[in-house]
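Beneath this line is the structure, given in structure tokens, with notes to follow.
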Amino acid sequence: MLKLDWNIIWTFVNLIVLYLLMKKFLFGPVTEMMEKRTKSIEDSFAEAESKNKEAEQIKAEYEEALRQSEVKAEELIYEARERANVVYEKTVKEAEEEAAKLIAAANKAIEIEKKKSMQDVESHIIDLTMVAASKVIGKNIDAEANKQIMDDFLAEVGAAK
């Protein structure tokens, strides 16, 4: 049979008292410290998650701003090309107009020179004809009569052309 000894009872009592003291002074603070540490870790994870979401939002905003700047750059390039084309077309048109004016002025100058040359040739022909006619006729009529005869002759020759 089992015999109860006071030493065994005191050992059980000591164990129970030791357990209660450890529960109060050791297990309680350790459990509390572990709960605080767990809460701290959970808060860190929550903060990291919120910062991650904030970073993703900032990244999305940055990408949108970058996309808009690329669109704006393309628009500016298109507008610059259009302005350059307008300036080019205007310059080419002005150059063509200036060339046409120069050609017209040159043609006019050529025509004037041609008429002047024709008048000089006609004047020399008239002089030679007068000299030849005066030698054939043997006398020189007055300048006014010579001029009238030559004008009539040139008018007939001009009408014949």
Side-chain angles (χ1 to χ4, degrees), residues 1-128 147 150-151 153-161:
M1 262 234 209
L2 193 54
K3 196 173 169 189
L4 283 183
D5 190 10
W6 281 103
N7 283 336
I8 292 178
I9 294 176
W10 280 113
T11 303
F12 279 122
V13 170
N14 280 338
L15 280 175
I16 292 173
V17 169
L18 182 62
Y19 173 75
L20 291 174
L21 286 174
M22 286 178 74
K23 183 177 178 185
K24 171 122 178 124
F25 294 109
L26 181 65
F27 298 143
V30 169
T31 305
E32 185 180 323
M33 182 185 73
M34 286 175 47
E35 288 175 358
K36 284 181 182 177
R37 182 70 180 148
T38 303
K39 184 173 180 347
S40 172
I41 291 171
E42 288 173 355
D43 289 345
S44 294
F45 279 134
E47 184 179 344
E49 184 67 29
S50 71
K51 291 205 182 232
N52 192 19
K53 286 182 182 178
E54 183 179 329
E56 287 179 9
Q57 181 182 1
I58 290 171
K59 180 184 174 188
E61 290 173 0
Y62 170 76
E63 288 174 349
E64 178 64 22
L66 182 63
R67 187 187 63 75
Q68 287 179 353
S69 66
E70 288 174 352
V71 169
K72 184 68 174 174
E74 288 175 6
E75 289 175 2
L76 290 174
I77 290 170
Y78 177 77
E79 290 174 5
R81 283 185 182 149
E82 288 298 315
R83 284 185 292 204
N85 285 338
V86 167
V87 169
Y88 172 77
E89 293 295 327
K90 181 180 177 185
T91 305
V92 167
K93 184 178 178 183
E94 288 174 355
E96 287 174 350
E97 290 173 356
E98 186 67 26
K101 286 178 185 177
L102 289 174
I103 290 171
N107 285 338
K108 187 175 181 182
I110 290 170
E111 189 64 34
I112 289 171
E113 281 297 316
K114 185 177 175 183
K115 286 181 181 179
K116 184 178 176 186
S117 295
M118 290 299 286
Q119 288 175 350
D120 287 345
V121 169
E122 285 177 5
S123 173
H124 286 295
I125 291 173
I126 290 171
D127 290 342
L128 289 174
K147 186 173 189 253
M150 284 302 144
D151 286 340
F153 174 73
L154 287 177
E156 284 179 26
V157 172
K161 288 183 184 177

Report all side-chain donor-acceptor pairs from residues 92-119 shorter than 3.5 Å, counting only partners two or more places apart or in another chain.
{"residue": "Asn107", "atom": "ND2", "partner": "Ile103", "partner atom": "O", "Å": "3.4"}
{"residue": "Ser117", "atom": "OG", "partner": "Glu113", "partner atom": "O", "Å": "2.9"}

Counterpart residues, side-chain contact (heavy atoms from CB on, under 4.5 Å), relative to Arg81 (two or more places apart) =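 Result, side-chain contact (heavy atoms from CB on, under 4.5 Å) vs Arg81: Ile77.
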
Which residues share a side-chain contact (heavy atoms from CB on, under 4.5 Å) with Val86, sequence neighbours left out |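 None.
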
Pair listing, salt bridge (Lys or Arg N to Asp or Glu O under 4.0 Å) test, anchored in residues 65-79, at least two apart =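 Those involving residues 65-79 are Glu64-Arg67.
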
Output every pair passing salt bridge (Lys or Arg N to Asp or Glu O under 4.0 Å) with a member in residues 25-45, not counting sequence neighbours, ordered by first then second residue.
->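 Every salt bridge (Lys or Arg N to Asp or Glu O under 4.0 Å) pair that includes a residue of residues 25-45, provided the two are not neighbours, is Glu32-Lys36, Lys39-Asp43.
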
Side-chain donor/acceptor pairs under 3.5 Å, residues 45-55, sequence neighbours excluded:
{"residue": "Ser50", "atom": "OG", "partner": "Glu47", "partner atom": "O", "Å": "2.8"}

All N/O donor-acceptor pairs, side-chain side in residues 12-31, below 3.5 Å, sequence neighbours left out:
{"residue": "Asn14", "atom": "ND2", "partner": "Trp10", "partner atom": "O", "Å": "3.3"}
{"residue": "Thr31", "atom": "OG1", "partner": "Phe27", "partner atom": "O", "Å": "2.6"}

